[in-house]
Every structure is written in structure tokens, then in C-alpha cells.
Number of protein chains: 2
Amino acid sequence: MTDRAPAALTDTSDAAPRRSDATRAGILAAARERFAADGYERATIRAIAKDARIDPSMVMRYYGSKEGLFAAATSVDLRMPDFTRVPREEVGRLLVTHFLDVWEDAGQLTALLRVGITNQAGAERMREIFAQQLLPVARGVCPDPAQAPTRAALCAAQVLGLALTRYVLRFPPSAELTGEEITDWLAPTLQRYLTADRP
Amino acid sequence: MTDRAPAALTDTSDAAPRRSDATRAGILAAARERFAADGYERATIRAIAKDARIDPSMVMRYYGSKEGLFAAATSVDLRMPDFTRVPREEVGRLLVTHFLDVWEDAGQLTALLRVGITNQAGAERMREIFAQQLLPVARGVCPDPAQAPTRAALCAAQVLGLALTRYVLRFPPSAELTGEEITDWLAPTLQRYLTADRP
DNA sequence: TAGCGTTGCCAACAAGCGTTGACCAACAGA
DNA sequence: TCTGTTGGTCAACGCTTGTTGGCAACGCTA
């Protein structure tokens, strides 16, 4: 009866470390993998628990519900650099390389993309990330701030489309491209979406 | 014991019309809507049957299984025009407008996109459509046919990314753009992906 | 050593799923 | 009018799901 609050959503060193921290982290890692591989519905709590070598009821105890676990597993920080300190003609290229970096290094974004498409809460989460992390970049870079939403949306479409075909649908040509090829092709597109005066 | 074959997947006037054709069509329409709205797992046969005001067992009788129903509901023809008859500098613009047309008029593509992301069979279906319908266009238009897969994949990424943000995730700026705005922004991108000599 | 909160497992629950087979009503051809 | 086919409903099946509560072992503090 002591811990009514089910989930410690902020895992960044807040209070005393618990003995179960390793278990919690294991569940979270397994959840991210499963969500990324299977989407929200097919990623069952039982499967996640099995991956983490733990009983399903532990998942419930630590994260309250499947929704809670999902929320904890898909808290994403795009780690956006400060684009205002970059030469204007290089923002497109930097945006592509940065996204490729972030996407390759963790399965969280693939998980989020997969879930955002089946699950209402997932879609809402993606809109939040878009508004809080990509939109400010466009606002700081594009010529007329009033156009920032449009320009950011165009960039999001291009970047998410690449991620979709490359990491989720696995279209062979898209999956086989090297990072450099992708950068060379997409950088001018994003550059134009962000900084061109008119379409 | 007469009709072992459960589904008439080709509905285009092959044999004598049956009394149940309306029911079949109703099921298919309801299935497309549900698949588009909910994705593969959440679109239950029971819900589809309810929408079509029919018993769930009828769905099984006419389409064999949920997989069969899905296959019938997402047979997509992109109706690609003959791009070789179009002035070379207009293929980008035509490609955008054509895709917007196809996407707006039927929910099938949204259904396919949603399902292609959670379901293995759905992803396979999308790769087929890509290879059979978009790839030939690139092959006929781009300068070096060996680059056609890459160029087609880039176009697919841009188009699908737009569809994703506009129809599925519903990013407000993307969903609110007019067809003309989208065309103006995306046409040069696709034009470059298809016809530019180098990135 | 006793007490207590924490960590974990086990067994079960109710609900929902795809799927099946028995059964009835309407129709068409003889 | 009889008979076989077709269109459709109903009730149930076996299974999986998220979720819950009880219970045993551990580790700390007094």
C-alpha cells in the first residue's frame, strides 16, 4: 500500500537507487525492442516480460499498465543541435545527418513510428515531439517565421518517409542506401524546404 | 459442399452475378474503413461485420480468414499514367498531383499504409506495389536506368512521408496544406529525384 | 532475532479474439 | 410440390490478452 504511484517515468537520478532498477531498465529495453519490432498490439506484455526474463505481473507493478509502459518506453529526445549557430546553407545537410545518427543509434524512434501509426496515444506523442523539437528549429532558420509550421511539416514528411521506407517497410533500395548517399540526396531537399523564399 | 473456394478475389464481372454481391461489397467497404482507421490488429472481424450489418461468420465464409479479407481489401491499383508521354520537366509535378488524386479518392491507401506498418504481409504488399507500379515509372524517366531503384525509393519516401504526416499522424500543418501548396513544394523534389544527373 | 518493506513468482480472472458448425428461411429448377 | 442450393443467424469452441491478488523469499534496521 505504499507505492500507489505505479511508474517512475523520470528515470534520471531523482531519488535513492532501488534494488529493482536493473529489472526496470531490462523491462524498458525489452519493451522498446518489442514495440519497434511488432507495433503496439502485437507487442504483448507477456512477450516483453519473457524477453526481460521476468514475470508479466512485474511489468504491471512497475509501469501500471501497458499504456504506462509504452509512455515510458517512447520518451524521445531528438537532441536537436542549435541550428542558429550553423551557416545557413548547411542546415539541410546537418538536419539529415543528425536524423540519421539519432535513428541508427536507438530503436526508440522506430518503435515510436510503428506505434504512432496504430495507436492514438502514439500519434499524439509524435505530434508533441514534432511541435516541441522540430518546429523550433524551423522557426529559427526559415525566412518568415509564420511559414515555420509548413516548412517543418515538409521536413518531417521527408525524414519520416525515409525512415518508413528504410527501417519499417524495408524497401530494398531505400534500406541499402549508404548514409552518404541519403545525405547527398536529401540535404538539398530539406535545405529548400527550410530556407527557399518560395516553393 | 459446392463452393470450397472461399473468396472471389476478382470481383470484376467474371461470372454470373450473385445475390450476395451487395453483401460482399459491403463487407469490403467496411473492412477498408476499419483497416484504415484502426490498423490490422484493432480492426476486428466482429467490428467489420457490425459495420456491414452482418454476422461475423459471413466474413469468414466469403473471405476465408482475416488475412484473406485483408488481401481483398487492399488490392491497390495506382493507375499510373504513362509518364514517357509527358514532357520531361513535368514528371515531378504530374507525379505529385496523381498521388494526391489517388490518395484522396479512396481509403485503400491509408488502410494499406497503416497495415503495412504493423503487419508483415502488409509490408510485403507495399513492396510489391512499389516494385510493380512505381519502379517502372522511374525506369522510363530517369537518365540512367541502373539508378531507377534508388530514384524510385527516394520518391516513395517523399510521397509516403507526406501521406503519413497528412493522413495518418495528422500533423496539423501537413493536414491543412492545400493540394496546390503540396504540389508546389513537392514537385521540384520529385523532379530532382527522378531526373537530376547527380544529387 | 524479530519486523517490515521490497522483489518476485504463481495461478487465476474476465473479456475479447478468430473461427467453426449446426440450423433456419428464401429461392430456383424439376 | 418437392428438392437442393444459397444467404444468413446463432451459439459455442479454444485461445490469448491485460490485469489482479495471494504468497514466498530476500535484505535491511533495530
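Here is how names work: the chains are called A, B, and so on, in the same order as the sequence lines, proteins then strands, and each is numbered from 1.
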Measure from OH on A:Tyr63 to P on D:dG18 and round the result to the nearest Å. 16 Å
Length of the CZ-P vector between A:Arg19 and D:dC26, whole Å: 11 Å
Whether A:Ser20 contacts C:dT7 is assessed here as follows: a side-chain N or O lying under 4.0 Å from the phosphate OP1 or OP2. Is that the case? yes
Apply salt bridge (Lys or Arg N to Asp or Glu O under 4.0 Å) to B:Arg166 and B:Glu104, showing your working. CA-CA 11 Å; B:Arg166 182 176 172 88; B:Glu104 300 278 348; 3.6 Å; yes
Check the angle between the aromatic planes of A:Trp103 and A:Tyr167 and answer parallel, tilted or perpendicular using the 30° and 60° thresholds. parallel
According to the interplanar angle, ranging from 0 to 90°, do the rings of B:Tyr40 and B:Phe70 count as parallel (below 30°), tilted (30 to 60°) or perpendicular (above 60°)? perpendicular
Starting from the C-alpha separation in whole Å, work towards a yes-or-no answer on salt bridge (Lys or Arg N to Asp or Glu O under 4.0 Å) for A:Asp101 and A:Arg79. CA-CA 10 Å; A:Asp101 279 355; A:Arg79 304 194 301 274; over 6 Å; no
Report, one pair per line, the protein and nucleotides 13-23 of chain C atoms (nitrogen or oxygen only) whose separation is under 3.5 Å.
from, atom 1, to, atom 2, distance (Å)
C:dG18, OP1, B:Ile45, N, 3.3
C:dG18, OP1, B:Lys66, NZ, 3.1
C:dG18, OP2, B:Ile45, N, 3.1
C:dG18, N7, B:Arg46, NH1, 2.5
C:dG18, O6, B:Arg46, NH2, 3.1
C:dT19, OP2, B:Lys66, N, 3.0

Measure OH/A:Tyr62 against C1'/D:dT19 and give the value in whole Å, please. 17 Å
If we ignore hydrogens and angles and just use 3.5 Å, is the side chain of B:Thr178 paired with the main-chain N or O of B:Glu181 as donor and acceptor? yes
Looking at A:Thr23, I'd like to know whether one of its side-chain N or O atoms comes within less than 4.0 Å of OP1 or OP2 on C:dG8. yes
Test side chain to side chain donor-acceptor pair (under 3.5 Å) on B:Tyr193 and A:Thr189 and set out the steps. CA-CA 10 Å; B:Tyr193 289 164; A:Thr189 301; 2.8 Å; yes
From CE of A:Met58 across to P of D:dG22 the rounded distance in Å is 17 Å
D:dG18 P sits how many Å from A:Ile48 CD1, rounded? 8 Å
